[in-house]
Structures are given as C-alpha cells and as structure tokens.
Amino acid sequence: MNQPPIETKEKKESLNFIEQIIEEDIRNDKNGGKVLTRFPPEPNGYLHIGHAKSICLNFGLGINYNGSTNLRFDDTNPAKEDIEYVDSIQEDVKWLGFKWNNEPLYASDYFDKLYDLAVELIKKGKAYICEQSPEEMAAYKGTPTQPGKPSPWRDRPVEESLDLFARMKNGEFEEGTKMLRAKIDLASPNMHMRDPIMYRIKKADHHRTGKKWCIYPMYDYAHGQSDYFEGITHSICTLEFEVHRPLYDWFLDQMVEPGGYRPRQIEFARLNLSYTIMSKRKLLRLVQEKHVSGWDDPRMPTISGYRRRGYTPESIRNFAERIGVAKRDNLIDVSLLEFSVREDLNKKALRVMGVLNPLKVVITNYPEGKSEQLDAINNPEDQSMGTRKVSFAREIFIEKDDFLEEAPKNFFRLSPGNEVRLRYAYFIKCTDVVKDANGQITELHCTYDPATKGGNAPDGRKVKGTIHWVDASNHVNAEVRLYDRLFNVEEPDEAEEGKDFLSHINPDSLKVIRAFVEKAVETGKPGDKYQFERMGYFCIDKDAAPNNVVFNRTVTLKDTWAKIANK
RNA sequence: UGACCUGUGGUGUAAUUGGCAACACGACAGAUUCUGACUCUGUUAUUCCAGGUUCGAGUCCUGGCAGGUCAACCA
C-alpha cells in the first residue's frame with residue numbers, strides 16, 4: 001500500500017521457497033489472492049541483524065506481491081516488556097526503510113477478544129482450568145519419547161472452569177495456582193499438543209493495559225489468533241516454531257469456517273553471523289554487565305548498533321537479499337555484511353584524508369611560511385559530488401605505515417630514495433630520517449618537485465605509490481574509535497564446558513585514538529559518512545561536540561598490501 | 001530409543017520442477033589505477049552415503065548416515 005520505494009538489486013529470476021508458496025497461493029486464489037504479512041517482535045529487547053533479515057523478508061513480500069505488512073508487538077508477557085523497546089523497534093524498522101500499515105498493532109489490543117474466545121472454547125469443552133503446580137504439570141506432561149498423563153482437572157465440569165476462569169481474571173487467585181489449558185492430546189508425539197497452556201496468572205503492570213489484566217494469554221494462543229483477527233495471509237517465523245505449527249492450526253480449526261479465510265504459518269532458518277551472537281538474552285547481558293556501552297554500541301549486532309557504526313539501510317537490505325531465505329541452518333560469514341557496506345559506502349561516502357598514526361614530514365625545499373589550497377575530488381565514483389580544497393604546507397603528517405626505512409622491492413610507499421606521490425599534491429623523495437635516542441623515527445625530511453603540483457609530472461614520469469597526508473598546522477584533531485569484532489571466535493555460542501560466550505569476548509574490540517583529519521570534516525554532523533582514503537569508512541558519532549569531532553570506524557578498506565606483508 | 005525439519009564448492013543461495021550444476025561472497029593469479037580501494041579478466045572448488053527407477057537423477061523411490069528443533073505458567 002503506502003510502501004516507500006526501495007532500492008534493491010534488479011528483480012531476480014529465481015524464487016525462494018516462501019515466494020514459491022505465495023505465488024502458488026495467489027494462483028489458487030487462496031484468501032482472494034491477497035498477501036498480508038506481519039512483523040511481530042516482542043518488545044523485550046532491541047532489534048538485531050537477524051530481525052533485519054525477517055523485516056526485509058516480511059516487508060519485501062508485502063511490497064513485491066502487491067500487499068502490505070503489519071507491525072504487531074507481541075506483548076503478552078508484561079514481566080519482560082518495556083516501552084523503551086517499543087519505541088526503538090519502530091525507529092529501527094523505519095530506518096531500514098519500511099512502512100507498516102497504519103498504526104502499530106499490539107497483541108494486547110486483542111486481550112478482550114482473546115478472552116471471549118477462550119470462554120467459547122471452555123464452553124465447547126475444548127479448554128479447562130488446571131490447578132497443577134509447575135512441577136506436577138511437567139511430570140504429567142511426559143517426555144518427547146513418553147506420552148503424558150491427564151491432569152486430574154482435565155474433565156472438570158465446564159461450568160466450574162468458566163467460573164474459575166472468570167475469577168482468575170478478577171484477580172482472586174495467586175500467580176501459579178491456576179491456568180487455562182487447551183484440551184487436545186496428551187499422547188501426541190508433539191509436546192506442544194499435550195494440553196498447552198492458554199492463559200496464566202501474572203499480576204504485573206502491562207505497558208499498555210496497565211492493571212486491567214492479571215491473566216495473560218500465551219504465545220501459541222495469542223499469536224495465531226492475532227494473525228486471524230488481522231487477516232494475515234502468510235505468517236512467517238523462524239524454524240524453532242515449526243513444531244508449534246500443528247497447534248497454530250488447531251486453534252485456527254476452532255474458529256475458521258472451512259474454505260474461508262485462513263492464515264498460514266511458514267518457517268525459515270534464522271540468520272547466524274560468524275563472530276557474533278544473536279540471542280536477545282545474551283545481548284541483554286552484554287548491555288547489563290557493561291561489556292558494551294549500550295544497545296547501540298557500534299560493536300553490537302543490533303540495528304541501532306550498525307546504524308551508529310555507519311552502516312546504511314541500503315547495505316543491510318542488500319545483505320538480506322544476498323543471504324537469501326531457506327530452511328537449512330546457516331552461518332553467514334561477516335565478510336559478506338562488510339562487503340555490503342563497502343559496496344554502498346563506496347558510492348556515497350565523501351573522500352577525505354585522515355592520518356591515524358602520524359609521522360611528521362618536513363619538506364625541506366618548500367618555502368617556509370607558505371601554504372596552498374589544492375584541489376581534491378570528493379568522490380571519484382560520483383563526479384557530481386564535486387571537489388574541495390585541501391591545505392598543504394611545508395610540514396605535513398603521513399601515515400607511519402607508509403614509510404619503511406628498509407623497504408622490500410614490492411613496497412610502493414615512501415622509503416629513502418623512493419619517490420611517491422602525495423595525493424592531490426606533489427611528488428616527494430625522502431632525504432633524511434630523523435631518530436630519537438632510542439632509534440625511533442621521529443620525523444622525515446623530504447624534498448618535493450614543484451613541477452608535480454596536483455600530482456602529475458610534466459615529464460611523464462610515474463610513481464608507483466600514492467599516499468595520503470594532512471597539513472601539520474591546519475587540520476582537525478579528532479577522536480577516532482577503531483572497532484574490531486566483539487568476539488574472537490566464529491561461533492561464540494559454542495563455548496567449552498564450564499565457560500560461556502563471554503569467555504570469547506575480544507579484549508581489543510575497541511581502540512580509541514586521536515587522529516589528524518583534513519579540515520573538510522569540521523562541518524560534519526553526527527551520522528555523516530566519510531572514506532578516509534586508503535584507510536576505511538568512518539562516520540561521525542553522536543558523541544561529537546563542537547570542539548571534539550568523534551569518528552567511528554565503520555569498516556576498513558580491503559587491504560591487499562596487509563595481505564602481502566603478512567606473507 | 002519419539003516426532004518434525006534439513007543435507008548442493010570454503011560460505012550462502014539457485015537450478016526452467018527428470019535434461020549441460022549457476023550466481024554472489026571468499027581465496028588465488030593477472031590487468032588497470034593519483035586510494036595496494038573501486039573496476040575488469042581469469043583460476044579454484046560442489047550435489048552426505050549405498051542401492052534402485054530411468055535414455056537421462058541434485059531433483060523420484062528404498063535404506064542408511066549426519067546436523068537441527070521440541071519436554072518455560074518465554075516468545
């Protein structure tokens with residue numbers, strides 16, 4: 001319906017299994033050929049990249065099949081849920097570029113309907129009030145290989161259940177003393193069919209309904225019926241709900257008329273990303289135990305974390321498109337995500353020069369006191385982004401790694417006697433290496449060729465290397481936060497006996513440095529994205545202050561030299 | 001030892017539904033380059049196993065094997 005235009009890759013020729021199902025449903029005119037999906041987060045944490053996959057899937061289907069998508073908060077457990085999460089989830093979905101139908105919906109909007117429906121089920125003898133303790137119930141439920149036994153309350157009179165259910169609602173009983181159970185099949189090989197709980201007593205304030213309720217519906221009951229109330233056609237969830245599907249269908253069977261409208265649950269494999277964790281519970285621990293600065297710490301796999309890190313919505317959408325959708329367990333290499341950001345930022349980010357690890361260079365034959373404004377291209381991938389001026393003078397800084405006193409033959413950068421180009425400036429040659437008492441290089445003396453202004457030699461001679469630099473007395477001194485992966489193993493969840501995922505935290509995942517960046521960034525605002533040429537993509541963090549620019553490194557550039565040097 | 005699901009290059013996803021196993025990422029080699037980036041070219045490597053049906057099987061059948069999920073008053 002009111003979907004915004006989405007930039008994605010060209011229409012692909014092959015369909016994933018969900019699209020195949022949907023196209024077949026449309027061909028069969030199921031549900032009138034309509035497509036209505038939903039994204040149903042529980043507001044008990046921030047959304048992560050795994051949710052992004054689901055969001056792109058659900059909203060993408062809505063868009064591609066001329067349908068639409070509801071945002072529905074699955075808020076049936078007031079003990080864990082919070083308004084902070086409701087807000088962050090909406091912000092994240094919007095940021096990704098998707099628009100849901102009308103206002104956000106809430107399972108709690110249906111509490112009355114759900115209650116009435118439960119009463120009907122009791123009247124039909126399909127549900128009963130059970131008074132077993134959690135331990136008793138577990139014991140009676142059996143195991144996957146052994147059938148369960150009926151609860152002593154299973155065949156209590158309908159009137160009694162009705163009365164008890166009403167009194168539960170009125171708050172007459174304590175938590176854990178009574179529950180409403182569906183009467184299905186204690187012998188089912190599927191544990192979820194062994195008289196699952198529909199309602200439990202919970203005397204907690206709900207973020208929307210306040211103190212109105214002290215009984216709350218369970219997921220299996222609330223979710224499918226909410227789908228039904230909303231007219232959802234395809235209810236897409238992750239694989240672990242596959243065994244819940246018979247129950248989803250059972251509840252539906254109690255209310256739909258044969259041949260009429262009916263939603264359908266389809267399961268796909270959740271995203272697993274190498275070197276990261278995706279469990280909300282564990283992410284919450286990282287936040288609570290302060291291993292990270294918050295849900296939006298740029299090292300977090302949360303959508304807000306990636307946003308702060310400098311990822312773009314397009315890059316995440318393209319990533320979601322690339323990883324595809326299927327039913328087998330997967331472990332996606334983070335390098336694919338990184339490829340997706342680089343690809344997008346390459347087209348969009350303003351180029352700028354920034355020196356992260358400075359080494360002073362004095363150009364001895366350049367006039368003292370002189371300075372020039374040289375032309376630099378803002379983005380070679382997009383000429384429309386124009387040019388800017390960069391300040392040049394006798395003293396500059398270059399990257400420490402760009403000089404080697406004893407250089408191997410395949411080292412194209414600065415070394416004694418080897419001429420290199422200062423990007424957009426001049427060719428220089430190193431004449432002297434100045435060292436301190438410890439033998440550490442403190443500065444370089446170079447000469448420049450005035451004829452090579454702008455970066456080209458009139459005599460046509462070539463240099464192999466081009467390095468970046470900044471004017472020593474005319475630059476921005478910025479804080480730069482260098483991020484690395486949060487965990488140092490591919491699957492942090494796979495911890496050995498007695499340890500947990502925290503034992504795999506990378507102690508060097510954040511390094512804060514001061515760097516010298518050309519003046520052009522001075523006017524940047526939080527969220528602005530740059531490529532520090534030859535170094536990586538950086539964006540201005542929200543912590544930036546007028547006199548203190550703060551950058552987050554989004555991702556490094558691909559570094560072929562580092563690979564060669566390591567050999 | 002139950003039920004359900006899943007097995008295709010290093011990773012992920014395809015294969016016109018029984019007809020030459022392809023695309024992306026990675027890796028490797030080269031070209032290009034005022035970013036050792038980007039771009040371009042090339043190379044590498046794949047149908048879990050064993051039978052069967054068929055002119056022909058990744059696809060169908062049988063039997064194995066491997067992995068995942070399920071026994072919260074969580075979602």
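- Scanning RNA chain B for stems, defined as runs of 3 or more consecutive Watson-Crick or G-U wobble pairs whose donor-acceptor distances all fall under 3.5 Å, gives the following ranges: B:2-7 with B:65-70, B:10-13 with B:22-25, B:27-31 with B:39-43, B:48-52 with B:60-64.
- Among the protein residues, A/Glu338 comes within range of no part of the nucleic acid, since none of its heavy atoms lies under 4.0 Å from any strand.
- A/Lys558 comes within 4.0 angstrom of the backbone, heavy atoms only, and of no base.
- The six-membered or imidazole ring of A/Tyr228 lies away from that of A/Phe251, with a centre-to-centre distance of 6.0 Å or more.
- Between the CG atom in A/Leu422 and the OH atom in A/Tyr448 there is a gap of 11.5 Å [rounded to 0.5 Å].
- The phosphate of B/A75 (OP1 or OP2) has a side-chain N or O of A/Thr76 nearer than 4.0 angstrom.
- Heavy atoms of A/Phe532 sit nowhere under 4.0 angstrom from any nucleic acid atom.
- Looking at the side chain of A/Asp333, the nearest of the listed nucleotides B/C70, B/U11, B/C25 is B/U11.
- A/Arg270 has its CZ atom 15 Å from the P atom of B/A75, to the nearest Å.
- Of the candidate nucleotides B/G36, B/C74, B/G2, B/G36 has the atom lying nearest to any side-chain atom of A/Ile564.
- Spacing between atom CG of A/Asn566 and atom P of B/A27 amounts to 13 Å, rounded to whole angstrom units.
- Residues A/Phe319 and A/Tyr311 form no side-chain contact, since every pair of their non-hydrogen atoms from C-beta on lies 4.5 Å or further apart.
- Side-chain contact between A/Thr556 and A/Arg342: present, with at least one pair of heavy atoms (C-beta onward) separated by less than 4.5 Å.
- The residue A/Phe241 sits close to a base: some heavy atom pair falls under 4.0 Å.
- Residue-level contact check: A/Val463 touches neither bases nor backbone, having no heavy atom under 4.0 Å from any strand.
- Of the two residues contacting RNA chain B, namely A/Glu175 and A/Glu240, the nearest-nucleotide position lying further toward the 5' end is that of A/Glu240.
- When the C1' atom is compared between B/G64 and B/G56, the two are found 25 Å apart, to the nearest whole Å.
- Spacing of C1' atoms, B/U1 relative to B/G9, comes out at 36 Å, to the nearest Å.
- The listed nucleotides are B/A14, B/A37, B/C25; the one nearest the side chain of A/Asn16 is B/A14.
- In this entry the distance linking CG of A/Asn379 with C1' of B/U39 reads 14 Å, nearest Å.
- Closest to the side chain of A/Gln20, from the set B/G26, B/G12, B/U17, is B/U17.
- Contacts of A/Asn456 with the nucleic acid, taken as non-hydrogen atoms under 4.0 Å apart, include base atoms.
- For A/Arg328 against B/U8, a side-chain-to-base donor-acceptor contact under 3.5 Å is present.
- Evaluation of A/Tyr219 against the base of B/A75 yields no stacking contact (centre distance < 5.5 Å, interplanar angle < 30° required).
- Residue contacts for A/Tyr216: at a heavy-atom cut-off of 4.0 Å it reaches no nucleic acid atom on any strand shown.
- Classification of A/Lys80 and A/Glu42 as a salt-bridged pair fails, no side-chain N sitting under 4.0 Å from a carboxylate O.
- Side chain A/Arg413 to base B/G36: a donor-acceptor pair is found below 3.5 Å.
- Taking the P atom of each, B/U11 and B/G7 are spaced 15 Å apart, rounded to whole Å.
- When the P atom is used for both B/U59 and B/U47, the distance is 12 Å, rounded to whole Å.
- In this structure, A/Leu422 reaches neither bases nor backbone, as no heavy-atom distance under 4.0 Å exists between it and the strands shown.
- Taking side-chain N and O atoms only, A/Arg351 has no distance below 4.0 Å to OP1 or OP2 of B/U35.
- When distances run from any side-chain atom of A/Ser335 to the nucleotides B/A75, B/G26, B/C70, the shortest one goes to B/G26.
- To the nearest whole angstrom, the two C1' atoms, one in B/G12 and one in B/U16, are 22 Å apart.
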Kindly determine whether A/Leu374 and A/Lys389 satisfy side-chain contact (heavy atoms from CB on, under 4.5 Å), including the steps that lead there.
-> CA-CA 5 Å; A/Leu374 303 170; A/Lys389 297 287 187 186; over 6 Å; no
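- Within the structure, ring-ring contact (aromatic ring centres under 6.0 Å, His included) contacts touching residues 449-469 of chain A (residues at least two apart or in different chains) are A/Phe392-A/Trp469.
- Residue A/Pro189 places its side chain closer to B/G2 than to any other of B/C74, B/U35, B/G2.
- The separation of B/U8 from B/A14, taken at their C1' atoms, amounts to 10 Å, rounded to a whole angstrom.
- B/A45 and B/A50: their C1' atoms are spaced 25 Å apart (whole Å).
- At a threshold of 4.0 angstrom between heavy atoms, the contacts of A/Met353 with the nucleic acid are absent.
- Atom C1' of B/C25 sits at a distance of 38 Å from the matching atom of B/U62, rounded to the whole Å.
- Closest to the A/Asp559 side chain, of the nucleotides B/G36, B/U35, B/A75, is B/G36.
- A distance of 11.5 Å separates CG in A/Asn318 from CD1 in A/Ile323, rounded to the nearest 0.5 Å.
- Closest to the A/Met191 side chain, of the nucleotides B/G12, B/C70, B/C73, is B/C70.
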Step by step, would you call A/Trp213 with A/Ser108 a side-chain contact (heavy atoms from CB on, under 4.5 Å)?
-> CA-CA 10 Å; A/Trp213 296 90; A/Ser108 54; over 6 Å; no
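- Of all nucleotides listed (B/G2, B/C38, B/U13), B/G2 comes nearest to the side chain of A/Thr145.
- Taking side-chain N and O atoms only, A/Lys563 has a distance below 4.0 Å to OP1 or OP2 of B/C28.
- If you check every strand for non-hydrogen atoms under 4.0 Å, A/Glu267 touches nothing.
- A/Thr560 has a side-chain polar atom (N or O) that falls below the 4.0 Å cut-off from OP1 or OP2 of B/A37.
- Across all strands shown, A/Pro41 has no heavy atoms under 4.0 Å from either base or sugar-phosphate atoms.
- The phosphate of B/C74 (OP1 or OP2) has a side-chain N or O of A/Lys202 nearer than 4.0 angstrom.
- Within the 4.0 angstrom heavy-atom criterion, no nucleotide atom of any strand lies near A/Asn44.
- Across all strands, A/Leu557 comes closer than 4.0 Å to base atoms (heavy-atom distances).
- Separating the NE2 atom of A/His244 from the C1' atom of B/A75 is a distance of 9 Å, rounded to the nearest angstrom.
- With its glycosidic angle more than 90° from 0, B/U39 is assigned anti.
- Which of B/U13, B/A37, B/A14 sits closest to the side chain of A/Asn330 comes down to B/U13.
- Rounding to the nearest 0.5 angstrom, the gap separating the CD1 atom in A/Ile232 from the CZ atom in A/Arg264 is 15.0 Å.
- We find that A/Arg413 and A/Glu399 are not joined by a salt bridge, their nearest charged nitrogen and carboxylate oxygen being 4.0 Å or further apart.
- Residue A/Lys141 contributes atom NZ, which lies 13 Å from atom P of B/C70 at whole-angstrom precision.
- Taking the centre and axis of the six-membered ring of A/Phe173, the NZ or CZ atom of A/Lys178 falls inside the cone set by 45° and 6.0 Å.
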